[in-house]
Peer 1: 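Attaching a single structure in structure tokens format; questions to follow.
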Amino acid sequence: MVIGLARPWLRLLAREGYGVADVLDRLNQLLLDDATEAADAAARAFVGPAGPGDGPQTRFLSLLYGELVPFDGGVRCTLASAGHPLPLLLGADGGVTTVAQPQTLLGVVEDVTYVSESLDLWPGDTLLCVTDGVTERRSGSRQFDDGDGLALALSGCAGLDAELIAERIRRLVHEFGGRPPEDDLALLVLQAE
């Protein structure tokens with residue numbers, strides 16, 4: 001339900017020309033305002049005890065939001081993460097670094113100011129963005145990303161195209177647990193050409 005509210009707001013804010021960090025700031029406020037209105041309406045129409053999931057604290061989400069702007073020879077990528085797994089950058093040399101910084105979930109804290117970071121993707125660079133269904137995939141008490149598992153898996157993908165990287169990471173995540181995944185597994189692999 002929350003992502004259903006957020007999608008049109010994201011599109012509108014992007015069309016209005018707000019920068020990446022400003023989009024998160026405004027979306028955060030919209031979620032908080034909407035949650036407050038919903039809680040007020042529920043209180044006015046109170047007929048029985050509030051059920052689990054009622055109230056403003058239930059309207060939050062994690063989000064990785066960014067902009068891509070091509071330039072001669074590469075792509076400028078500006079990103080901000082709000083409670084979402086951080087993207088990883090695989091360089092042509094096989095080195096993997098974390099991109100962006102962790103920030104608070106959207107719809108939780110009133111006076112937070114989000115920040116964005118920019119990087120240039122050059123031919124041979126790969127940016128991997130995933131949902132927590134990838135990083136938190138379980139095998140017993142272990143998670144796939146324990147000990148930088150995702151970064152290690154990505155480092156073994158140097159030289160592969162985006163489709164092969166996505167397939168390899170997906171396969172490794174599925175093989176990590178004994179049973180099929182219970183959470184969503186979404187991967188976005190971006191490469192500059």
Side-chain angles (χ1 to χ4, degrees), residues 1-7 10 20-21 23-24 27-28 31 52-53 57-68 75 77-109 112 114-119 121 124-192:
M1 178 180 81
V2 178
I3 196 66
L5 290 170
R7 270 193 195 115
L10 280 169
V20 171
V23 167
L24 292 188
L27 182 57
N28 185 57
L31 286 169
Q57 70 279 8
T58 62
R59 299 219 184 183
F60 63 88
L61 72 121
S62 72
L63 179 70
L64 178 66
Y65 181 75
E67 270 179 2
L68 299 173
V75 176
C77 183
T78 304
L79 295 168
S81 176
H84 200 75
L86 299 177
L88 297 174
L89 177 65
L90 171 64
D93 64 353
V96 176
T97 55
T98 301
V99 184
Q101 60 182 303
Q103 299 179 84
T104 251
L105 290 163
L106 292 164
V108 175
V109 178
V112 68
Y114 291 92
V115 297
S116 62
E117 298 176 41
S118 294
L119 68 133
L121 294 176
D125 289 342
T126 299
L127 186 68
L128 174 65
C129 308
V130 301
T131 59
D132 63 2
V134 172
T135 57
E136 296 174 0
R137 171 80 162 126
R138 292 200 161 281
S139 178
S141 63
R142 294 181 25 240
Q143 291 184 343
F144 185 75
D145 200 32
D146 287 350
D148 292 326
L150 182 58
L152 289 170
L154 183 59
S155 69
C157 296
L160 298 179
D161 69 21
E163 187 175 342
L164 289 174
I165 291 172
E167 180 53 34
R168 179 183 243 172
I169 299 295
R170 187 200 63 75
R171 182 179 45 79
L172 290 171
V173 170
H174 275 268
E175 290 172 354
F176 183 73
R179 292 180 284 168
E182 294 177 11
D183 200 354
D184 66 309
L185 302 176
L187 297 102
L188 175 65
V189 180
L190 301 172
Q191 291 180 319

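The basis for the numbers below is simple: all heavy atoms, side chains too, and nothing from hydrogens, waters or symmetry mates. Counting from 1, the numbers follow the sequence of the chain as shown.
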Peer 1: To the nearest 0.5 angstrom, please state how far the CZ atom of F144 sits from the CG atom of D132.
Peer 2: 14.0 Å
Peer 1: Sequence neighbours excluded, which residues qualify as ring pair (Phe, Tyr, Trp, His ring centres under 6.0 Å) partners of Y114?
Peer 2: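 None.
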Peer 1: Please identify each residue that fulfils side chain to side chain donor-acceptor pair (under 3.5 Å) with T97, with sequence neighbours left out.
Peer 2: none
Peer 1: Mind checking the CG-CD spacing from D183 to E136? Nearest 0.5 Å is all I need.
Peer 2: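 D183 CG to E136 CD: 7.0 Å, rounded to 0.5 Å.
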Peer 1: Would you say C77 and E67 make side-chain contact, with heavy atoms under 4.5 Å?
Peer 2: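 No, their side chains stay 4.5 Å or more apart.
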Peer 1: Evaluate the side-chain proximity of L127 to V189: yes if any heavy-atom separation is below 4.5 Å, no if none is.
Peer 2: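 When only atoms from C-beta onward are counted, L127 and V189 do not touch, as no gap falls below 4.5 Å.
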Peer 1: What I want to find out is whether E167 reaches R171 closely enough, with some N-O distance under 4.0 Å, to be called a salt bridge.
Peer 2: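 Looking at R171 together with E167, the answer is no, because their closest N to O distance does not fall below 4.0 Å.
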Peer 1: Could you pull out all donor-acceptor pairs under 3.5 Å where a side-chain atom in residues 152-166 meets a protein atom, sequence neighbours excluded?
Peer 2:
residue : atom : partner : partner atom : Å
S155    : OG   : L152    : O            : 2.7
D161    : OD1  : E163    : N            : 3.2
D161    : OD1  : L164    : N            : 2.8

Peer 1: With side chains defined as the heavy atoms from C-beta onward, is the minimum distance between L79 and Y65 less than 4.5 Å?
Peer 2: no
Peer 1: Any heavy-atom pair between the side chains of L89 and L119 that's under 4.5 Å?
Peer 2: yes
Peer 1: Please determine whether side chain to side chain contact (heavy atoms under 4.5 Å, CB included) holds for the pair R138 and F176, giving the CA-CA distance in whole Å, both sets of side-chain angles, and the decisive distance to 0.1 Å.
Peer 2: CA-CA 7 Å; R138 292 200 161 281; F176 183 73; 5.7 Å; no
Peer 1: For D125 and G91, which heavy atoms make the closest approach, and how far apart are they?
Peer 2: OD1-CA, 3.7 Å
Peer 1: Do you know which two heavy atoms are closest between A21 and S116, and how far apart they sit?
Peer 2: CB-N, 3.9 Å
Peer 1: What is the minimum heavy-atom distance between D145 and A151, and which atoms define it?
Peer 2: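 In terms of heavy atoms, the two residues are closest at OD1-N, 4.4 Å.
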Peer 1: Heavy atoms, side chains only, cut-off 4.5 Å: are R137 and Q143 in contact?
Peer 2: no
Peer 1: Report the C-alpha distance between L90 and L88 in whole Å, list the side-chain angles of each, state the deciding distance to 0.1 Å, and finish with yes or no for side chain to side chain contact (heavy atoms under 4.5 Å, CB included).
Peer 2: CA-CA 6 Å; L90 171 64; L88 297 174; over 6 Å; no
Peer 1: Which residues pass the side chain to side chain donor-acceptor pair (under 3.5 Å) test with T135, not counting sequence neighbours?
Peer 2: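 Testing T135 for side chain to side chain donor-acceptor pair (under 3.5 Å), a comparison that skips the adjacent residues, returns none.
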Peer 1: Taking only residues two or more places apart in sequence or in another chain, which ones pass side chain to side chain donor-acceptor pair (under 3.5 Å) with T98?
Peer 2: none
Peer 1: CG of L105 to CG of N28: how many Å apart, nearest 0.5 Å?
Peer 2: 9.5 Å
Peer 1: Nearest 0.5 Å, what's the CG-CG distance between L150 and D148?
Peer 2: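 CG of D148 is found 9.0 Å from CG of L150.
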Peer 1: Could you tell me if the side chain of L128 sits less than 4.5 Å from the side chain of P87, heavy atoms only?
Peer 2: no
Peer 1: If you look at every heavy atom in A100 and L86, which pair is closest and at what distance?
Peer 2: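 Shortest heavy-atom contact: O-CD1, 3.9 Å.
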Peer 1: Check whether any side-chain heavy atom of L63 sits under 4.5 Å from a side-chain heavy atom of H84, and report yes or no.
Peer 2: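 L63 does not reach H84 side chain to side chain.
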Peer 1: Calculate, to the nearest 0.5 Å, the distance between atoms OG1 and CG belonging to T78 and L68 respectively.
Peer 2: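 If we round to the nearest 0.5 Å, T78:OG1 and L68:CG are 8.5 Å apart.
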Peer 1: Who are the side chain to side chain donor-acceptor pair (under 3.5 Å) partners of T126, not counting sequence neighbours?
Peer 2: Q191
Peer 1: Do F60 and L106 have side chains that approach each other closer than 4.5 Å (heavy atoms only, starting at C-beta)?
Peer 2: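 No - every pair of side-chain heavy atoms lies 4.5 Å or more apart.
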